[in-house]
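Here is the structure we will look at.
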Protein chains: 2
Amino acid sequence: MSTQASTQSGKIKVSLRQQIQSGFMTQGQKLPSERELSALFSTTRITIKDVLVSLENEGLIYREERRGWYVSPERICYNPLSRSHFHQMIRDQHRIAETCLLDARTEMAIGEVAQALAIDQMTQIHIIERLRYIDGRPVLFVENCLKASLFPHIMMENLTLSLTGIYRQKYGYETSRSCFEVIPTGAPSHVAKALNLAEGQPVMKIRRTNYKQDGELMDCEFEYWRPDAVLIRIESDSH
Amino acid sequence: MSTQASTQSGKIKVSLRQQIQSGFMTQGQKLPSERELSALFSTTRITIKDVLVSLENEGLIYREERRGWYVSPERICYNPLSRSHFHQMIRDQHRIAETCLLDARTEMAIGEVAQALAIDQMTQIHIIERLRYIDGRPVLFVENCLKASLFPHIMMENLTLSLTGIYRQKYGYETSRSCFEVIPTGAPSHVAKALNLAEGQPVMKIRRTNYKQDGELMDCEFEYWRPDAVLIRIESDSH
DNA sequence: TAGTGGTCTAGACCACTCG
DNA sequence: GAGTGGTCTAGACCACTAT
């Protein structure tokens with residue numbers, strides 16, 4: 001539909017894509033409003049919106065709820081097997097990282113968390129919710145669920161730092177093994193709110209479980225990435 | 001919006017989700033038509049469509065172009081680092097796999113392919129396009145790009161079989177190292193057509209490059225998965 | 001307060017699928 | 001030929017953002 005541009009939205013898509021990819025628009029730049037675009041292309045907002053959502057799926061543009069549409073910056077290259085923590089990884093790619101603590105609380109494990117930690121539902125866990133920014137843009141919502149018995153007093157630490165670092169320095173735990181899953185899904189409401197996108201928009205969910213030296217499961221982590229912000233890369237030497 | 005169900009579409013979403021997850025509807029079952037749903041919920045097709053797209057993003061339902069909406073089967077668990085080939089993997093999960101050859105041709109490398117293979121644009125490559133089914137549903141479009149000089153006469157083989165197997169048996173090549181990238185993006189038109197989805201819908205793209213024993217790059221592969229059909233799982237022993 | 005995207009109405013025609 | 005989703009029109013009101 002868009003390469004041949006048989007439909008109207010296909011033509012608009014090609015036109016907008018060219019404007020963006022030709023370098024005419026710079027990364028992070030705001031697009032004209034939906035109403036302006038409708039007028040420019042002599043069509044309705046619904047048609048324009050279909051086009052924008054499609055380009056959003058490609059990862060070419062992204063939206064901030066009720067603020068507008070913007071040209072996506074380059075994707076961050078992320079290796080979930082790598083030891084380096086978030087801030088290091090972003091710095092290595094010459095971008096600026098920030099982390100903000102959204103919530104830290106202790107409660108009983110329920111549902112998916114209890115299942116991921118392979119514990120029953122009466123076990124206490126610490127939940128740490130953080131929001132991570134790249135170049136000022138919120139792109140990653142992270143929820144860590146720690147077995148409370150293994151991490152006394154961790155809630156008094158500076159939780160904007162690397163948790164892996166705290167595990168090591170304060171408790172002597174090293175991550176000896178981990179398992180992660182990549183799941184394309186829609187943003188749950190609390191995630192959507194934090195990332196400033198609409199509930200149900202596509203996100204890339206990464207569910208990870210970490211084991212310490214002695215093989216015991218320590219914590220699990222749920223990452224929700226803006227899908228245009230990231231690219232996962234893994235290199236494997238023989239197997 | 002949907003957990004609190006403050007909007008109309010939020011309420012419809014919750015209602016449909018419950019119907020599906022409660023087991024009232026079975027995997028693969030067809031939903032009522034958009035017009036029927038509009039009538040059932042006393043609203044318009046556009047509102048219903050927004051709800052369906054949102055549930056589609058979650059991976060709960062999927063669509064077949066112009067045929068209708070269906071309840072998604074369970075996700076296949078896929079480990080890109082594993083040696084086992086597609087049919088084996090699907091069989092291990094008690095599902096039925098099929099592969100169909102869409103196209104096989106020889107041409108000059110261009111654009112992303114030339115870049116992935118780290119060759120210049122005048123080098124000949126074989127392109128093999130295949131469509132893979134799980135339980136009769138097309139879920140994976142695969143494009144393999146082989147350095148032609150390394151694979152004489154491969155186009156005369158049975159290309160619905162495992163390519164890795166052919167590499168080994170006919171040429172003695174083993175995959176010693178590979179690199180893969182996971183990229184959430186939109187379906188290009190030829191992929192959309194094959195997978196029976198609309199161009200620009202979200203897909204999970206996996207770009208892989210394979211090296212043989214002596215370290216030489218053999219081929220690259222582009223996989224496009226229906227995003228509701230798969231879940232990537234990787235386990236890492238210490239690193 | 002002006003402007004934005006989010007949501008919604010009430011239709012319409014078209015391309016395609018299926019029986 | 002009946003029914004489906006795909007596309008499109010021409011509006012409207014609302015919640016929220018930015019200034």
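Hydrogens, waters and symmetry mates play no part in the numbers below; they use all other heavy atoms, side chains included. Numbers restart at 1 for each chain; the letters A, B, ... are given by sequence-line order, proteins then strands.
Residues Ser162(A) and His87(A) bring no donor and acceptor atom of their side chains to less than 3.5 Å of each other. Donor-acceptor pairing under 3.5 Å is recorded for the side chains of Gln201(A) and Glu56(A).
With Lys13(B) as reference, Val51(B) is the one residue of Leu52(B), Leu60(B), Val51(B), Asp50(B) to meet the side-chain contact (heavy atoms from CB on, under 4.5 Å) rule.
Between Thr44(B) and dG11(C) there is no side-chain polar atom (N or O) within less than 4.0 angstrom of OP1 or OP2. One finds a side-chain N or O of Gln8(B) lying less than 4.0 angstrom from the OP1 or OP2 phosphate oxygen of dT9(C). For the pair Thr47(A) and dT9(D), the criterion of a side-chain N or O lying under 4.0 Å from OP1 or OP2 is met. Taking only side-chain nitrogens and oxygens, Ser9(A) comes nearer than 4.0 Å to OP1 or OP2 of dC8(D). For Ser33(B), a side-chain nitrogen or oxygen approaches OP1 or OP2 of dT4(D) to under 4.0 Å. Using a 4.0 Å cut-off, no side-chain N or O of Arg67(B) falls inside it from OP1 or OP2 of dG5(D). Here Thr43(A) reaches the OP1 or OP2 of dT9(D): one of its side-chain N or O atoms lies under 4.0 Å away.
If Glu65(A) and Ser42(A) are placed on DNA chain D by their nearest nucleotide, the residue sitting closer to the 5' end is Ser42(A).
Note: CD1 (Ile46(B)) to P (dA12(D)) measures 16 Å, nearest angstrom. In this structure, Arg45(A) atom CZ and dT7(D) atom C1' are separated by 17 Å, rounded to whole Å. Protein atom CG of Leu197(B) is 14 Å distant from nucleotide atom C1' of dG6(D), rounded to whole Å. Residue Ile61(B) contributes atom CD1, which lies 13 Å from atom C1' of dG5(D) at whole-angstrom precision. Counting to the nearest Å, the C1' atom of dG6(C) and the NZ atom of Lys49(B) are 18 Å from each other. Summarising the geometry, the separation between NZ on Lys11(B) and P on dG6(C) is reported as 20 Å, rounded to the nearest angstrom. Put simply, CG on Leu52(B) is 13 Å from C1' on dT4(D), counting in whole angstrom units. dC18(C) atom P lies 9 Å from atom CG of Asn196(B), rounded to whole Å.
For Glu107(B), the CD atom is densely surrounded, since the number of other residues' heavy atoms within 6.0 Å is greater than 12. Within a 6.0 Å radius of CD1 in Ile96(B), no more than 12 heavy atoms belonging to other residues, nucleotides or ligands are found.
In the set dC8(D), dT4(C), dG6(C), the nucleotide with an atom closest to the side chain of Thr7(A) is dC8(D). Closest approach to the Arg66(B) side chain among dT4(D), dC16(D), dC8(C) is made by dT4(D) (side chain taken as heavy atoms from C-beta onward).
Note on Glu36(A): only backbone sugar-phosphate atoms sit closer than 4.0 angstrom, heavy atoms only; bases stay farther off.
For Arg35(B) against dG5(D), a side-chain-to-base donor-acceptor contact under 3.5 Å is present.
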